[in-house]
Amino acid sequence: GEAARTRRTMGRSSGPDASKAQLEAVIEEADVRAWRELTVANPKSEPTPEEKDALRAKKEAEKKGKAKLVDSIAAKVTKATTVIIKKDKIKKTLDALAQAQREADEAVAARPPWLDPPSGTRDFYPKEMRLRNWLFGEMRAVALAYAFKEYDAPVLEHVELYERKAGEEITQQMYDFVDKEKTRVTLRPEMTPSLARMVLNLTNLATGEVRTPLPLKWFSIPQCWRFEATQRGRKREHYQWNMDIVGEWSVTAEVELLGAICAFFAKLGVGPDVVGVRVNSRKVLDAVVAAAGVPRSKFAQVCVVVDKIDKIGGSAVKEMLCAEPLQLPDSAADSILQCLAAKTVDDVRAILMKHDGVASGDANTATRDQALTEMQDVFDLAEAAGFGAYLDFDASVVRGLAYYTGVVFEAFDRRGELRAICGGGRYDRLLELYGGDKCTIPCCGFGFGDCVIVELLKDLGKLPELPAGVDVVVAPFSEADVPHAFRVASTLRAAGFAVDLALEARKARQAFDLANRAGARRVAFVAPDEWAQGLVRVKDMLLKDPETGEGLQLDVPLASLPDLDRLFADEAVSKKVPGAASPPPPPPSKTTTTTNGGAGPPPAPLTSSDDGAWQLQPTAKFAVLGPSASTS
């Protein structure tokens, strides 16, 4: 027969080319397509622990499915020819044929490049959007807890706002253009100049008087754009949580901002063992540079060079300090590097006091002492507020932006695997730059991007499970039941339930599948028999009926649908569903009986709870700073 002739023909073939041809003659197109469907693609980015578990299960299924397919093809080869072909060769042939088939499919329907988002930007599908909304919600909750008010501004800004800060790298990274009114505009690369513009619109430019009570405590979560090299945690567009305080000269403003950052980390369950906040002051560096005999005119350039120390190291920084255009003496560069290596504020103080170039009582000494005192105050107040464990003094932190004038800080990953998480500081001269000499209005703030923190949470396995948020799926049994299903859905939505309405008739199994995809725990069936009695059959897939082992089911009158939660709770108790009888915990008391003179619970340091969440607690040493503290 035909099979015997094929066997004889293939049996006479010899050599590797012959075996390949024999194998390809046996493998059918359906085999190749099945091979492709079994193949599990590797993720493009580092998966979460949950995603790793799911990927492991898929890979195991891939391995079993492919082994079965290879065995089937091997059996066909044995039947058609006497040539023995190794299974590894079958796998390689299938891989090659799958690639060829894939390329042929793509050639038929070429994918235009504009289907991808522009380089360095992101699409937010519903899953990613849930994560973004959650993250912004946590940021917003912290800002509101600190009594900051939310604001926003146009994503399109005047180019001049950024050009006024001449010499900064940011001006080379703008998405700028001339609009149809011949105005030079840009997608905002950062929010601070927009904030400055808005505050100046509340200011009498002739006198510098702000026509609203100070300080202003504002926050925003804007989208920002910079054309720069992309890497992990850095995109060309990103969202940035900004908190700023306008109108406060003392470092209490910086401490309030640092407290918000640390409270946010604690809220996410990220403790000071994982992240830290490096803190320094431009004023301290100013004193260091002055003590080294460097002209004040070169201070800004020195800051730019010093800011590179983490990237290029101390030796390279010294080379840049001594080369054009700064041309500092070796001794001056060495003095600066010595101070940058200091581990505490007291270390810097000791180094500066030993320097012969600063005489006691002169202006430089006064500036130095004020800078060091302010720096120490930051750490003392942080201890009082309970987040001192997050803070590290680091004399090398200067931040790259030229408008910083005092305390500067940046949060970092203590493992050293990610770039800076956030950064900020004091910028007392920025409004003066935009509004004129009279507008000397103190400001400080920070920017906290959305990209790096998400990468950190992925690494730590702390990204939350975020279900779609559907409470009930409403499914009509037939076309005639569709109008009734709309009525049921409207009733439930008016009661505050999130409802996914099936837009066409569904059988029971289809309705359950829809509920599983939507992440809903309940399904409301709208069927003719129950509807004729004024009822809707609702099934809860999480509460199991002890008698049937199936989901708890109720026939609910239409008028009672708003009470769905209570009805199921009562039914679960009556049927003794496990855990159903447990009453909800009472709300926490607003007053606490204490033994420390009525000043609230005894102070405790930063602590970690059993679920990994960190809490900020004030320390007893600084309890006297609080208005209700007792010293008895």
Side-chain angles (χ1 to χ4, degrees), residues 19-20 23-80 84-109 111 115-116 123-131 454-455 457-470 473 500 502 506-521 523 541-542 544 549-551:
S19 64
K20 179 181 179 184
L23 184 56
E24 291 180 353
V26 171
I27 295 175
E28 300 174 0
E29 183 178 351
D31 295 329
V32 179
R33 202 161 292 280
W35 186 263
R36 287 176 60 188
E37 291 174 355
L38 286 167
T39 301
V40 177
N42 291 319
K44 294 182 178 179
S45 59
E46 182 67 21
T48 64
E50 294 78 10
E51 290 171 337
K52 286 181 180 178
D53 291 340
L55 182 63
R56 197 176 298 113
K58 289 179 181 178
K59 289 286 188 181
E60 188 63 31
E62 175 190 19
K63 182 179 178 181
K64 292 179 180 179
K66 285 187 171 182
K68 186 176 180 180
L69 182 58
V70 168
D71 288 343
S72 171
I73 292 171
K76 286 195 289 184
V77 171
T78 301
K79 184 178 179 181
I84 298 176
I85 300 178
K86 293 182 179 180
K87 290 184 179 180
D88 282 346
K89 188 171 184 63
I90 297 175
K91 292 178 183 178
K92 291 179 180 178
T93 303
L94 283 167
D95 283 336
L97 292 173
Q99 179 62 26
Q101 191 181 77
R102 189 179 298 109
E103 291 173 356
D105 290 346
E106 291 174 356
V108 173
R111 190 173 184 277
L115 287 179
D116 292 322
D123 290 322
F124 290 89
Y125 287 90
K127 181 181 178 181
E128 289 80 17
M129 198 67 191
R130 287 197 297 274
L131 175 60
V454 168
E455 293 297 324
L457 294 175
K458 282 182 184 177
D459 289 353
L460 300 176
K462 290 185 175 292
L463 283 179
E465 289 291 332
L466 299 169
V470 177
V473 163
D500 188 355
R506 303 270 179 159
K507 302 303 181 186
R509 175 48 54 196
Q510 294 173 320
F512 284 128
D513 288 344
L514 178 60
N516 286 331
R517 291 197 303 272
R521 65 175 292 173
V523 179
M541 294 183 289
L542 294 186
K544 299 300 180 183
E550 300 289 330

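Computed from a prediction, not measured in an experiment: that's the story for all the values here.
Here the shortest heavy-atom pairing between Val473 and Ala511 reads CG1-O, 4.4 Å. Closest approach of Val26 and Ile73 over heavy atoms only: CG1-O, 4.3 Å. The heavy-atom pair separating Ala518 from Ala468 by the smallest distance is O-CB, 3.4 Å. Across Arg506 and Arg517, no two heavy atoms sit closer than the pair NH1-NH2, 4.2 Å. Shown here for Ala502 and Leu514, the closest heavy-atom pair between the two residues is CB-CD2, 3.8 Å. In this structure, Lys87 and Asp71 approach most closely via the heavy-atom pair NZ-OD1, 2.7 Å.
Residues passing the side-chain hydrogen bond (donor to acceptor under 3.5 Å, both in side chains) test with Asn516, sequence neighbours excluded: none. Applying the salt bridge (Lys or Arg N to Asp or Glu O under 4.0 Å) rule to Lys127 yields the partners Glu51; only residues at least two apart in sequence or on another chain are considered. For the side-chain hydrogen bond (donor to acceptor under 3.5 Å, both in side chains) test, no residue two or more places apart in sequence or in another chain qualifies with Asp513.
Remark: the backbone N or O of Ala100 is not paired with any side-chain donor or acceptor of Glu103 at under 3.5 angstrom. A donor-acceptor pair under 3.5 Å is formed between the side chain of Arg130 and the backbone N or O of Leu466. Within the 3.5 Å criterion, the main-chain N or O of Met541 finds a donor-acceptor partner in the side chain of Lys544. Side chain of Thr39 to main chain of Trp35: a donor-acceptor pair is present (N/O by atom type, distance under 3.5 Å, no hydrogens or angles). No side-chain donor-acceptor contact under 3.5 Å links Gln99 to the backbone of Ala96.
Here the CZ atom belonging to Arg36 is positioned 4.5 Å from the CD atom belonging to Gln101, to the nearest 0.5 angstrom. Here NZ of Lys86 is found 12.0 Å from CD1 of Ile90. Values are rounded to the nearest 0.5 Å. Here the straight-line distance linking atom NZ of Lys458 with atom CG of Leu463 works out to 7.0 Å at 0.5 Å rounding. Atom CG of residue Leu38 and atom NZ of residue Lys58 lie 13.5 Å apart, to the nearest 0.5 angstrom. Between the CG atom of Leu94 and the CG atom of Leu23 there is a distance of 7.0 Å, given to the nearest 0.5 Å.
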Exercise. Where do Asp123 and Glu128 land on the side chain to side chain contact (heavy atoms under 4.5 Å, CB included) test, with the steps shown first?
Worked result: CA-CA 8 Å; Asp123 290 322; Glu128 289 80 17; over 6 Å; no
Problem set entry | Full working for side chain to side chain contact (heavy atoms under 4.5 Å, CB included) between Lys59 and Asn42 | CA-CA 10 Å; Lys59 289 286 188 181; Asn42 291 319; 3.1 Å; yes
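Looking at Arg33 and Glu29, a side-chain N of the basic residue comes within less than 4.0 Å of a carboxylate O on the acidic one, giving a salt bridge. For Glu62 and Lys66, the salt-bridge test passes: some basic side-chain N is under 4.0 Å from an acidic carboxylate O.
The local environment of NZ in Lys64 is sparse, with at most 12 non-hydrogen atoms from other residues, nucleotides or ligands closer than 6.0 Å.
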